[in-house]
Structure formats: C-alpha cells, structure tokens
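The structure appears below as structure tokens.
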Protein chains: 2
Amino acid sequence: MPKLGMEPIRKEALVKATITEIGRTGSLDVTVSQIAKRAGMSSALAHHYFGSKEDIFLAAMRHILTLYGAEVRGALATTTTPQARLNAILAASFSASNFRREAVSAWLNFWVLAQSVPEAKRLLAVYQRRLRSNLLACLRPLAGDRAEQVADGLGALIDGLYLREVLKSGAPDGAAAVRTARDYLAAELGRWEE
Amino acid sequence: MPKLGMEPIRKEALVKATITEIGRTGSLDVTVSQIAKRAGMSSALAHHYFGSKEDIFLAAMRHILTLYGAEVRGALATTTTPQARLNAILAASFSASNFRREAVSAWLNFWVLAQSVPEAKRLLAVYQRRLRSNLLACLRPLAGDRAEQVADGLGALIDGLYLREVLKSGAPDGAAAVRTARDYLAAELGRWEE
DNA sequence: GTTTTTGTTGATTGACGAGTCAATAAACTT
DNA sequence: AAGTTTATTGACTCGTCAATCAACAAAAAC
C-alpha cells in the first residue's frame, strides 16, 4: 500500500539506521541488509533510494556533520562575548546528542572512511575548517597572534577527547570532556573571567 | 626447498606487510591474500602461521605498540629531570618511525578494531595506561595535584594530533605536533626552563 | 480508463574472500 | 632407511554480500 512522498522519509530512516548500526558494531562492516532491516524496509529499497552503500555512508556522514553544525550555530546565536562563544562551541561539541556512543563511534569510522573515499575526506575537511575558523574568531581577541596555535591545539584536543571516548566503558561523560578543554583554554589564555 | 626455522621470519614479514597494506588502503578491508602476497608467500601459509586474520591484526597491533614502547623506554633511559622526560616522551611519540603515514593509519584502524575485538581493546588500554603513568610520573613534581588533569589532557591531545595527521595531505610533520604539545605543557605548567 | 510514475520486495546474480585440505618436498630423528 | 616434523602451495569449499531484476500495487496524469 504505497503512500507517495516516501523518499525523504525512507532516506532519513536509512541514515539513522546506518548510524545506529555503525555504533552497534563499532565498524563500517555493516551490510545494507542490516541497515535496511533496522530502517524497516528491504535492502532493495535502500539501493533504490541511494545508489550504493557508499552513498548511504556519505549521507549518514552529512547528517552527523549537519546536526553538529546546527547545534554549534544555535548555541553561538545566543552569545556575544568571545569567552561565551568558546563555551558554546565546547558545550555543543560535547552535548548529549553529539557525544553519545553511536555518534562518536560513527565519527571515528567516518575518519577511517575519509582515508579511502575522497568525498568523505572532503566533508571532514569542511568540518575541520569550520571549527578552526569559529575558534579563531573567538581566540583572536583573547590570544592575539597566538590564536592560531591555540586553535590548532584545541581542535586536536577536541578530536582526541572524542577518540578516547570510544575506548571508555560506561556512559559518556561530556561534562568531564568540557572540563578538560576548558582547563586547556584557561591555561593558554590566563585566568579567564566568564 | 624448505629451510627450517622459518616461523619467526614469516611472521615478522606478515606483520610488516599487514601494516603496509593497512596504511596503503587506509582501512582494515585488506585480504589475507594481499597481505601474504606483499610478504612474499601464499595466503595458505599466512593461515598456517597465524590461525586467522584477526590474529594477524592483533600481532600487527602488538608490533606497533611494542615499537612505540621501546622507543619511549629508550628515550627515557637517557634522561633525569621531569622536563627532559616529558620531552623524551613527546619526541618518541612523534618520531619519524612512529609518526609515519602507515603507522598512523594503522593506529587509527586499530582503534576501530578495539570496538569489536576485546583483545584489541585490551591492548590499547594497556598503551593508554602506560602513557598516562609515564606522564603522571613526570607531571607530579611539576604540576602537583593538577598532574592528573594535565596528563589526561596531554594524552588526549597526543591522540588527537595523531588523528588529525591522517587527514592531512603531504609529509607528516612531527616537529609541528611536538610544538603543539609543548605549547600545551608550557601553558599548563607556566614558563618552563629546559 | 489507460498510461505513467512512484513505491516495494523476493529472488537471483556474480564476485570475492576466509579458512581447509591434500599433496609435495626438504630437513631432522632414530 | 624409514619415519617424523616443518615448510609450502594450488585447488577447493562455503558463506556472504552488493547490486540487479522482474513483478506487483497504488496513486497521478492524461
């Protein structure tokens, strides 16, 4: 009993199922059938809407990056001072929705994907540039010509905290991650009035 | 014309070939045949010496961790002050042999493996504990009760710098990574006399 | 009301890859 | 010299999986 206008619904279901399955298995060794099953459809339909498995992965990646970007933008919109903006970026980066197990695992696996799929690499590079540019804008007034150095360090630190999250057992602790990042900033920028 | 005592030679060749192939493809989607071919033997022989593909991966992981551990230990042996020891750890972590493309790519992929293979997770946890304990020993006299905080931050930063290396194009720049890590320490510990 | 478009799946194809096995041969043991 | 252990591989099995296809159904367009 086919309803019309299914395409966006199906696609979204597939994208979410992909992230779930990658998180569940902890790898990209996920079959289209598994994804399709979790999304409540046949694998043939998944191939119908996306051309290939790779396209499904890329769509999932875009989804995660879009969510993250939106959350950062939203948090940034309510702020004015550089300090508050830095805090907003950190809060968004380690928020419950972005720092949850599935998403972190997917993130790591997309990093791997980027090594063999140029489009995946491009997407990650976009994310990196945007983060860097956001950090730089906040840091310039606070760190002057050391801003670049600090931004690169903080960027790597954030990625490293994500990376380490996947090895931990137990619930993710975004607050602890934010504390570590804040500590870094406090050290780099000198005592820091919020 | 079988020479005896081939086992260790073959195994080492396979381990090295594994790292090369993982680095080349940027993923764990490497067939035993590819590995065996690069190591100059048939895939059947690879299965003969290692029981399974997973065992080959784990051996490769142990190899990388062992190399890294030996380099750190060697660098540490020639030092006395905490500052010099911290520098030694950083130098070893980003040395040409550990920070080369292949090794970094393998490292990332082992991180992924750790999510589905308990033994891989165990190995990485051992690495993390050792690094942490080494850092802590140096930091205690320099940072007092903030040592833990700084060690965790530095550990994550090191991993993050590795992670970011895989996205870069061009030759790896260990010196820049060391600079970033030193900068972090300098900020956390206050100006720092070497 | 027939044709076209959209949604959907079960069955099939075709490739690939991990792991096994039988067979062959050189070296050591007794 | 006969027997055992170690080294080695080509051929094979068996499973899995991405991708395709034929077929069916309902809505939309004409």
Just to confirm, is there a sub-4.0 Å distance from OP1 or OP2 of C/dT6 to any side-chain nitrogen or oxygen of A/Tyr49? no
Nearest to the side chain of A/Ser42 - D/dA7, D/dC17, C/dT9? C/dT9
May I have the distance from B/Leu45 (atom CG) to C/dA18 (atom C1'), rounded to whole angstrom? 16 Å
State whether B/Arg62 and B/Glu119 are salt-bridged, where the test is any N-O pair (Lys NZ or Arg NE/NH1/NH2 against Asp/Glu carboxylate O) under 4.0 Å. yes
Could you tell me how the ring of B/Trp111 sits relative to the ring of B/Tyr127: parallel (under 30°), tilted (30 to 60°) or perpendicular (over 60°)? perpendicular
Without decimals, in angstroms, what is the distance between A/Met6 CE and D/dA28 C1'? 16 Å
Quick one: sort the B/Tyr162 and B/Trp107 rings into parallel, tilted or perpendicular, breaks at 30° and 60°. tilted
Is A/Leu65 reachable from B/Leu167 through a run of I, L, V, M, F, W or Y residues, each pair having side-chain heavy atoms under 4.5 Å apart? yes
What is the distance from CD1 of A/Ile56 to P of D/dC17, rounded to the nearest Å? 14 Å
Are side-chain N/O atoms of A/Asn134 and A/Arg85 paired as donor and acceptor at under 3.5 Å? no
Measure from CG on B/Leu28 to P on C/dG17 and round the result to the nearest Å. 15 Å
Nearest-angstrom distance from the residue atom CZ of A/Phe50 to C1' of D/dA18: 16 Å
Check step by step if side chain to side chain donor-acceptor pair (under 3.5 Å) holds for A/Ser27 and B/Gln115. CA-CA 7 Å; A/Ser27 84; B/Gln115 281 183 88; over 6 Å; no
Single-linkage hydrophobic cluster, 4.5 Å side-chain cutoff, A/Val104 and A/Leu67 together: no
Among D/dA27, D/dA18, C/dT8, the nucleotide that comes nearest once only the side chain of A/Thr31 is considered: D/dA18
In whole angstroms, the gap separating P of C/dA26 from CG of B/Leu4 amounts to 13 Å
SB check A/Glu148 A/Arg140 (cutoff 4.0 Å): yes
Taking only side-chain N and O atoms of A/Arg10, does any of them lie within less than 4.0 angstrom of OP1 or OP2 on C/dT6? no
Identify each atom pair where a protein N or O and an N or O of nucleotides 19-21 of chain D are less than 3.5 Å apart, giving names and distance.
| unit_1 | atom_1 | unit_2 | atom_2 | d |
| --- | --- | --- | --- | --- |
| D/dA19 | OP2 | A/His47 | NE2 | 3.2 |
| D/dA19 | OP2 | A/Lys53 | N | 3.0 |

In degrees, rounded to 10°, what is the bend between the two ends of the helix from C/dG1-D/dC30 to C/dT30-D/dA1, using five pairs at each? 10°
Protein-nucleotide distance (A/Met41, atom CE; C/dT9, atom P), rounded to Å: 8 Å
Taking NZ from B/Lys37 and P from D/dG10, how many angstroms apart are they, rounded to a whole number? 12 Å
Under 4.0 Å between a Lys/Arg side-chain N and an Asp/Glu carboxylate O for B/Glu188 and B/Arg146? yes
